[in-house]
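One structure is given below, encoded as structure tokens.
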Amino acid sequence: MAYVVSSPFTLLSKKDQLSSLPQKHYFLHSFLPKKHNQINPKSQFKIKCAAVGNGLFTQTTPEVRRVVPQNKDNLPTVKIVYVVLEAQYQSSLTAAVQALNQTSKVASYEVVGYLVEELRDESTYKTFCKDLEDANIFIGSLIFVEELALKVKAAVEKERDRLDAVLVFPSMPEVMRLNKLGSFSMSQLGQSKSPFFQLFKKKKQGAGFADSMLKLVRTLPKVLKYLPSDKAQDARLYILSLQFWLGGSPDNLQNFLKMISGSYVPALKGTKIEYSDPVLFLDTGIWHPLAPCMYDDVKEYLNWYGTRRDVNEKLRGPDAPVIGLVLQRSHIVTGDESHYVAVIMELEARGAKVIPIFAGGLDFSGPVERFFIDPVTKKPMVNSVVSLTGFALVGGPARQDHPRAIEALTKLDVPYIVALPLVFQTTEEWLNSTLGLHPIQVALQVALPELDGGMEPIVFAGRDPRTGKFLWLMFNVIAGKSHALHKRVEQLCTRAIKWAELKRKSKAEKKLAITVFSFPPDKGNVGTAAYLNVFSSIFSVLKDLKRDGYNVEGLPETSEALIEEIIHDKEAQFSSPNLNVAYKMGVREYQSLTSYATALEENWGKPPGNLNSDGENLLVYGKQYGNVFIGVQPTFGYEGDPMRLLFSKSASPHHGFAAYYSFVEKIFQADAVLHFGTHGSLEFMPGKQVGMSDVCYPDSLIGNIPNVYYYAANNPSEATIAKRRSYANTISYLTPPAENAGLYKGLKQLSELISSYQSLKDTGRGPQIVSSIISTAKQCNLDKDVELPEEGAEISAKERDLVVGKVYSKIMEIESRLLPCGLHVIGEPPSAMEAIATLVNIAALDRPEDEISSLPSILAETVGRNIEDVYRGSDKGILKDVELLRQITEASRGAITAFVERTTNKKGQVVDVADKLTSILGFGINEPWIQYLSTTKFYRADRDKLRTLFQFLGECLKLVVADNELGSLKQALEGKYVEPGPGGDPIRNPKVLPTGKNIHALDPQAIPTTAAMQSAKVVVDRLVERQKADNGGKYPETVALVLWGTDNIKTYGESLAQVLWMIGVRPIADTFGRVNRVEPVSLEELGRPRIDVVVNCSGVFRDLFINQMNLLDRAVKMVAELDEPIEQNYVRKHALEQAEALGIDIREAATRVFSNASGSYSSNINLAVENSSWNDEKQLQDMYLSRKSFAFDCDAPGAGMMEKRKVFEMALSTADATFQNLDSSEISLTDVSHYFDSDPTNLVQNLRKDKKKPSAYIADTTTANAQVRTLSETVRLDARTKLLNPKWYEGMMSSGYEGVREIEKRLTNTVGWSATSGQVDNWVYEEANTTFIQDEDMLNRLMSTNPNSFRKLVQTFLEANGRGYWETSQENIEKLRQLYSEVEDKIEGIDR
């Protein structure tokens, strides 16, 4: 753990410095793998979940850190109790105490130490409290985990007055306040004016804190020495203590204990205990285990390096790759550095020069610039950097300063890898855990470094549970030290060198393997990726690389020709079903190249198997152009096998999948692999969630190849999984520009009728027009969404207005719905006009934190209305509000269009925005938006507010049209640093733009935010109101809902906050703004009963937000144990019933947070539906139950996900409603298969005793006007705006081959909804058939553009009919059957 301070005020000469370090003799055997931590190769692949002992992450006990003196001379005993975050101090402290006990004539010392994580265990915590009862001195350091900090505080507070000394080094303020040394205390911390306390006040800059503390520590002891008062002397001893502690060596700690016990332990008052001043080491510098000293100058270090006799000529020469390492000073000074030594030796053995730098503070950005960048040329002296600290570059575990880190790393401009040592687990515990890394370590040491642009979180060092107690031999205490994990160190070093090589190789030599996906496996699906026109994008990337000097020989002239060459095997007959085969790999060759091949046999039998094989060889599909190979990633392999899909845990990749990656790495010998688009299967293969071991499949498959991955900017959660599990450098691409859905056919006619009604309603023609409106609305199937009177019924003028208002409101909703039109092509940013809809939506949100009002609210104020009231009136169908909202929407679009037109050239491209904006944003009448609004009823809009808003929109416009997707890819391939940026929805968070950034998620402990909690309350209240209205005024007792990773990142935890608000609790943030605690809201404040929940977390949410799952589980269990009447607390009501029925305690019965087993994703219903490989709905429901019934238990968080199917079924059987969130315009219910894959509506109906179908709701927060609709309303809205909308399907058809697939996918996903919820109306299928099959012209276009996808479309229609989801005429079915055989023949190449 990096320590905040260290000070050089008695700096030693370099020779002394070395001799004061613990003397070490480096023998060869200390770098070789130790026997005891090897796994038996036979049992290697059957690692089971370790729910041992207390079910926590670590089973280590403080007893191994207890030293009890053999006090023969009856000397007074001084007892010391310490709590630290990491274990590197324990060996030093143990050695110090043992030395004192051998030499001290005045006292004997007893010591016991705790790792803060161990205090989660109740019995360990009790022992800790007991130890404090007779302790003299308490020491704490780096206690930054709130729930544990509070435990430490509670225990120490009880004994604080009795203890002789309490010393707490940098920790959370709550714990820092416990400090006391004589008259020196920090209990006023945070209130006092003194400079010392000001440091702990919340500051923007994390590292500034460390630096000011350093300055203070250097000067204070000198100043304090001359102040007479005791107070000053006590403060001086506190600062000296800090220096001893940061010095960390056994000598320093011995003197520290002598000083404190001599000064403060009453039994030793009057005895003079001599101690020496702290031995100080360099604050920052360069350290090498074989160097004679630490260096603070790179030139001196490199001079020494050049004289080394123990390395070969090549390593000393100028051509060796140079790797920079970032180390923690505390590991070096405490002598706990064998894991660092292993990495240095491994890199040198592989031919790389090493510059290992360290820092004592928490800010490594200075040392990185000072030691890694040549001061003269300003060029980097290293080719890649590996941080072995595991922390963010600036600020360590406390407050981070990411902009400062990014600035330093951008200057350095080399790949930046952050590897991790295990902190909270021993090696064995990590190996046995299905989760992998401890959640708190994931938050601190994986998520935070990602915000700096760090990648490849490889665990390179472990800890040994055995500690110094029994190993007194020659004081060489091998206590619980870090040890290198040799297989992991090899992986880390090879990958670091591979990244470094990208910086050094010439472009013409570099080999690139572009990997595309084919999902579901069908020729019509090669090159699937969300929102991306894959082949056009690859074509544009390759043209660019070719211009840049890469060897792309034989690249065809067009992207269509490229598709043909990859998809068709030229040697076979014209339309063979096979893809082009790039390589045939014999079984022998496969086995010799793939070290883990035998492990796959358990699931797939002997190679070659029947996937990607011709019976003798394994086949690699793809095509090579010069040094670029375009290959097709094999699929999971069990999509079409209903029995395999039922397995609760995912199996392993098949032989063909492994052969593909063996080919890329070992035969084609790629320098980098580029995975093209969102997303493939590599990162979802079984293995630990985070912190892979060598038997995790993603790690084995990717091997040593640098992985660059194009990922959709709006999907940060799955991008993060790709980063953590397949070591990807993820580069974001834009989703296609959104447009308004617009109106067509009958809907357009309706809109015209309504406008004529508005102008003629007071004449005699009113009733007549209304009856036309009613009959047209019925033809458009709007009668399901709006209650329409019978045709010909007499209705009053007021009712007429209401009917028209409601129909109008529905049409407006359809018209203004956002659609991504077409597919994105990499390197083609949208034109300015295409960006208008995006800007209109950005302008529709209030941004109070930036003091920006939304355009609709500014316009509504002009006519004296509040926009929220207008939204509500419009939802109710009040005609004048619907009309006003339409005018506001139109004026918004008009004003923004006027603004954008002024910044573009004739071609519609934005040119030099900055200059144009400056001239527009000048003062005066000529602002284009003012000119436009002056012609509308909103001419009096507030000019200042408008100017602020349009300045912001101008910035956004620059970002929308900027293009860095190709640039970033080239940077990555040249071994440069790719700037990190958040993923998410560009409308909510324009910082997502420009794309081409290395996507990261967010600090998982930062959600839910206060704003998310506010939005969540609105949605929950609307949901409860809606359910009461549909359900005779009764509250829902249980709601079954889904938590997605991506939408919680985009909305900063809104859906998580909804769950908390349903059960009636609120999140409490700590001093650092991290949420690790909740408290119940009183029933009075809640104003309704607490609603029970069944939470199904997606596999991705489970990986990214395991801390939040822990929080939710604690919250639900807390609510179940509240002493409240059961009719006011449904959680308690159901938990008591279930506890009795199952014979378990109430906490276990209140298990409500479920997901997949660790390392497995999705319920597989989507795979079954996409591949039509299911028999009946019951089978789909079994899949859901067997794969989604794994619970998280906050009482045993280390046990991972445990199967609790009975509790899951019982909890689901009480659900009155199912619920999901839609959070951004580009993904809706039928766009992706995830939504129906997680929908339990029909399943709940089967589990309920009364067999009643639960209500199904969808919250739509894609616009400023949040809505809660029923599932069937949402499916209809989706069908009208996408599948049946000419604007959408023509947009797709313009993308050619990929477009046909997108149309087919929407229909398949609609069938998925029929299967899981039964909420799809018959007319949706009927209209789709009319649109795509009855229209001859359309039919021929589909068939000729992508016959394989068209065949699937026809098959899906037939399947919808066969499964009873679509009733239609016999002739429609006959036509489809005939079409099916026609297209089959066409594909097989038979001409009748």
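This is a predicted model, so every value here is computed, not measured.
Counting heavy atoms from C-beta outward, Y550 and N627 have side chains that stay 4.5 Å or more apart. Between L701 and Y596 there is a side-chain heavy-atom pair separated by less than 4.5 Å. The side-chain heavy atoms of F657 and S681, taken from C-beta on, include a pair separated by under 4.5 Å.
A donor-acceptor pair shorter than 3.5 Å cannot be found between the side chains of E718 and Y1161. Side-chain polar atoms of T515 and Q633 form no donor-acceptor pair below 3.5 angstrom. Checking N714 against T735 by side-chain atom types alone, no donor-acceptor pair falls below 3.5 Å. With hydrogens and angles left out, the side-chain atoms of E601 and T598 include no donor and acceptor closer than 3.5 Å. Under the 3.5 Å distance criterion, with hydrogens and angles disregarded, no donor-acceptor pair is assigned to the side chains of Y1297 and E560. Side-chain contact annotation: Q491 with D699, donor-acceptor N/O pair under 3.5 Å present. Between S732 and T995, the side chains place no donor N or O within less than 3.5 Å of an acceptor N or O (distance only, hydrogens not considered). The closest side-chain donor-acceptor pair between Y709 and E683 falls under 3.5 angstrom.
Note: F629 and F668 have tilted aromatic rings, judged against thresholds of 30 and 60 degrees for the angle between ring planes. Using a 30° and 60° split on the angle between ring planes, Y661 and H675 fall in the tilted class, from 30° to 60°. Between F460 and H339, the ring planes lie parallel to each other; the angle is under 30°, not in the 30° to 60° tilted range.
With hydrogens and angles disregarded, a donor-acceptor distance shorter than 3.5 Å links the side chain of S537 to the backbone of I826. Judged purely by atom type and a 3.5 angstrom limit, N312 uses its side chain to pair as donor or acceptor with the backbone of K314.
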query = When you look at N715 and T678, which way does the side chain to side chain donor-acceptor pair (under 3.5 Å) test go after all the steps?
reply = CA-CA 8 Å; N715 193 343; T678 309; 5.3 Å; no
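Taking 4.0 Å as the cut-off between side-chain N and carboxylate O, E501 and R504 count as a salt-bridged pair. Taking 4.0 Å as the cut-off between side-chain N and carboxylate O, R350 and E346 count as a salt-bridged pair. Ion pair E456/R724 not flagged as a salt bridge, since none of the NZ, NE, NH1 or NH2 atoms sits closer than 4.0 Å to an Asp/Glu carboxylate oxygen. D671 and K498 are not joined by a salt bridge, as no carboxylate oxygen comes within less than 4.0 angstrom of a charged side-chain nitrogen. Of the charged side-chain nitrogens involved, none lies within less than 4.0 Å of a carboxylate oxygen, so that K503 and E974 do not count as a salt-bridged pair.
Counting heavy atoms of neighbouring residues, nucleotides and ligands inside a 6.0 Å radius, atom NZ of K584 does not exceed 12 of them.
In terms of heavy atoms, Y733 sits closest to E965 at CA-OE2, 3.2 Å. What you find for F517 and G677 is that their closest heavy atoms are CE1-O, 3.1 Å. Summarising the geometry of N998 relative to K723, their closest heavy-atom pair is OD1-NZ, 2.5 Å, with the distance given to 0.1 Å.
Proximity of the aromatic rings of F539 and F535 is defined here by a centroid distance below 6.0 angstrom, and this criterion is not met. You'll find the ring centres of H655 and Y590 inside the 6.0 Å limit.
Taking OG from S540 and CD from E828, the interatomic distance works out to 6.5 Å, rounded to the nearest 0.5 Å.
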